[in-house]
2 protein chains.
Amino acid sequence: MKLSANEEYGLRCLVRIGYAGEGGSLTIPEMSQAEGVSPAYAAKILRVLRRGGFVKAARGKDGGYTLARPAEAIVIGDVMDVLGGRIFESSFCDSHAGQAPICTRSVDCSVRSLWRAVQVAVDQVLSKATLRDLLQNEEEMNTWVRTIPGAKGLHFIQ
Amino acid sequence: MKLSANEEYGLRCLVRIGYAGEGGSLTIPEMSQAEGVSPAYAAKILRVLRRGGFVKAARGKDGGYTLARPAEAIVIGDVMDVLGGRIFESSFCDSHAGQAPICTRSVDCSVRSLWRAVQVAVDQVLSKATLRDLLQNEEEMNTWVRTIPGAKGLHFIQ
DNA sequence: GCTAATCTGTACTTTATAGTCAAGATTACT
DNA sequence: AGTAATCTTGACTATAAAGTACAGATTAGC
C-alpha cells in the first residue's frame, strides 16, 4: 500500500498554496522549483487539484493558484481521494474477482472486511485533518527548526 | 492510496491456504481457478509469499503450498509489507525530494508527519490482525451466508 | 494592439506494475 | 526407469502510472 506520486506532490503543492495565505498565490514555475519537479508535471498535478475544487487558477500575468476555500474547510481526506482514489474501491469483487463467481464466497468477504477496516482507520486520520492543521504544523516546525541548532535533517515526528 | 494486485491476490491465496488447515495444502492450479487468475500469475504471487516465509512449498506429485507457521503466528501487517511495501518509505525525502534541498523544510515535515500518522493508523489494524482472525471471520461468514436466504451478493461489513 | 507572463489541453514518451510463457527441476507412484 | 503432477526461474509482453512537450488561450501593463 503505497502513496502515488500524485498524492505526494499534490498535497505538497496544496500546502504551499495554503501557506501563501489569503490573497497570496503561487505560480506553476514557483511550485515546480520548490518541489523539484518539472513545470509540466506541476501543471498536471495542479489541474487535478483545480478540478477537485481545492484551488482556483488565475490566468495571465500576475496569475497563479490560490485556495478555493479557507484552509480549515479543506479536508485532507477529500484531497487524497481526488489525488489517488480510495483503498477499498480498487478491491471490490468486480475489479479483482477474476472469472470466479466469488462475491458471496467467504474468502472475499473476510479479505474485504479487512480492507474496509483499513480504510476506516485511514479515514479517521484523514477526515479529521484539514489543510489548516498542516499549515499550523508547518509553523510549529519553522519555530522548531529555528530554535534548535543543528536541526538540519531533523524530521518532525509527532 | 490503493492496494496493489499483489496485495489483493497474495492475501487471498494465503487465506485459502490457511483455510486448508494444518497438514492441508493447495496447488497453484487450485488457487488459480479459485481466484480466477492464470496459473502463471498465481505462481508468481506464491513465490513472493514463500520468500517472505509465510508458506512452504512441496514440489512433485501431491505437492502444493502449506502455511509455514500456525495461522495465529502470521501477522497480516507483515504479509502486507512483503506483498506491497509500506506507505511511508515511498515518500521519504530521498525518493520524492526532486532536486530541492528540502528535508529540513517545513512543507516536507508537515506532510511527512501526516503520512506517518496514516501509517500508524494502518499498522494498528494490520499488526493486530493475524491470519487466524481472517479464517474465523470466514467461518462466521459461511454460517451467515448459509442461514440467510437470498444472501447471494451480500457483503460482510463489520 | 503588442508583449510577457501565466494557465489549459492534448498528445506523446518513459518507467513501473501486472500478467504470460516456456524450459527446467523435483517428487510420488508404478 | 518412466510418467505425470507439481513447483522454480528468468525472460518476455501488455497495461497503467509517471512525467514531458508543445501549441493554444487568457490577462496585465504599456
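In this text the structure is predicted, and so the values were computed from the model without any measurement. Note on naming: letters A, B, ... go to the chains in the order of the sequence lines (proteins, then strands), and numbering restarts at 1 for each one.
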At their closest point, which heavy atom of A:G85 faces which heavy atom of A:E7, and how far apart are they?
O-OE2, 4.4 Å
Rounded interatomic separation in angstrom, taking CD from B:E30 and C1' from D:dC7
13 Å
When you measure from the side chain of A:E72 to the backbone N and O of A:R132, does any donor-acceptor pair fall under 3.5 Å?
no
Any base atoms under 4.0 Å from A:P29, or only sugar-phosphate, or nothing? Heavy atoms, all strands.
sugar-phosphate
Taking only N and O in the side chain of B:Y41, is any of them less than 4.0 Å away from OP1 or OP2 of C:dT17?
no
Where A:L83 and A:S4 come nearest, the two heavy atoms and their spacing
O-OG, 4.2 Å
For atom CG of B:L83 and atom C1' of C:dA18, their distance in whole Å
14 Å
Return no unless some side-chain N or O of A:R51 is found under 4.0 Å from OP1 or OP2 of C:dG9.
yes
How many Å lie between CD on B:E35 and P on C:dG19, as a whole number?
12 Å
Side-chain contact, heavy-atom cut-off 4.5 Å: A:M31 with A:Y9?
no
Can you check the B:L49 CG to D:dC7 C1' distance for me, whole Å?
14 Å
Whole angstroms only, please: what is the OH-P distance between B:Y9 and C:dT17?
18 Å
D:dT20 C1' sits how many Å from A:N6 CG, rounded?
15 Å
Do the side chains of A:L131 and A:L67 get nearer than 4.5 Å, heavy atoms only?
yes
Round to a whole Å and report the spacing from CD of B:E8 to P of C:dG19.
11 Å
From D:dC7, D:dT8, C:dT8, pick the nucleotide closest to the side chain of A:A43?
C:dT8
Answer yes when B:E30 and B:R16 have at least one side-chain N-carboxylate O distance shorter than 4.0 Å, and no when they do not.
no
Is it true that B:D133 and B:K128 have a side-chain N and a carboxylate O under 4.0 angstrom from each other?
no
Tell me whether A:T130 contacts the main-chain N or O of A:I74 through its side chain, where contact means a donor paired with an acceptor under 3.5 Å.
no
Residue pairs passing the salt bridge (charged side-chain N to carboxylate O under 4.0 Å, His left out) test with at least one member in residues 49-64 of chain B, sequence neighbours excluded, are none
Spacing between B:I28 atom CD1 and D:dA4 atom C1', to the nearest angstrom:
16 Å
Could you write nucleotides 11-17 of chain D as a row of B, S and -, 5' to 3', where a protein heavy atom under 4.0 Å of any base atom gives B, of only sugar-phosphate atoms gives S, and otherwise -?
-------
Out of D:dT20, C:dT20, D:dT8, whichever nucleotide has its closest atom nearest the side chain of B:S38:
C:dT20
Summarise protein proximity over nucleotides 22-30 of chain C in one line of letters, 5' to 3': B for base, S for sugar-phosphate only, - for none, counting protein heavy atoms closer than 4.0 Å.
--BSBBBS-
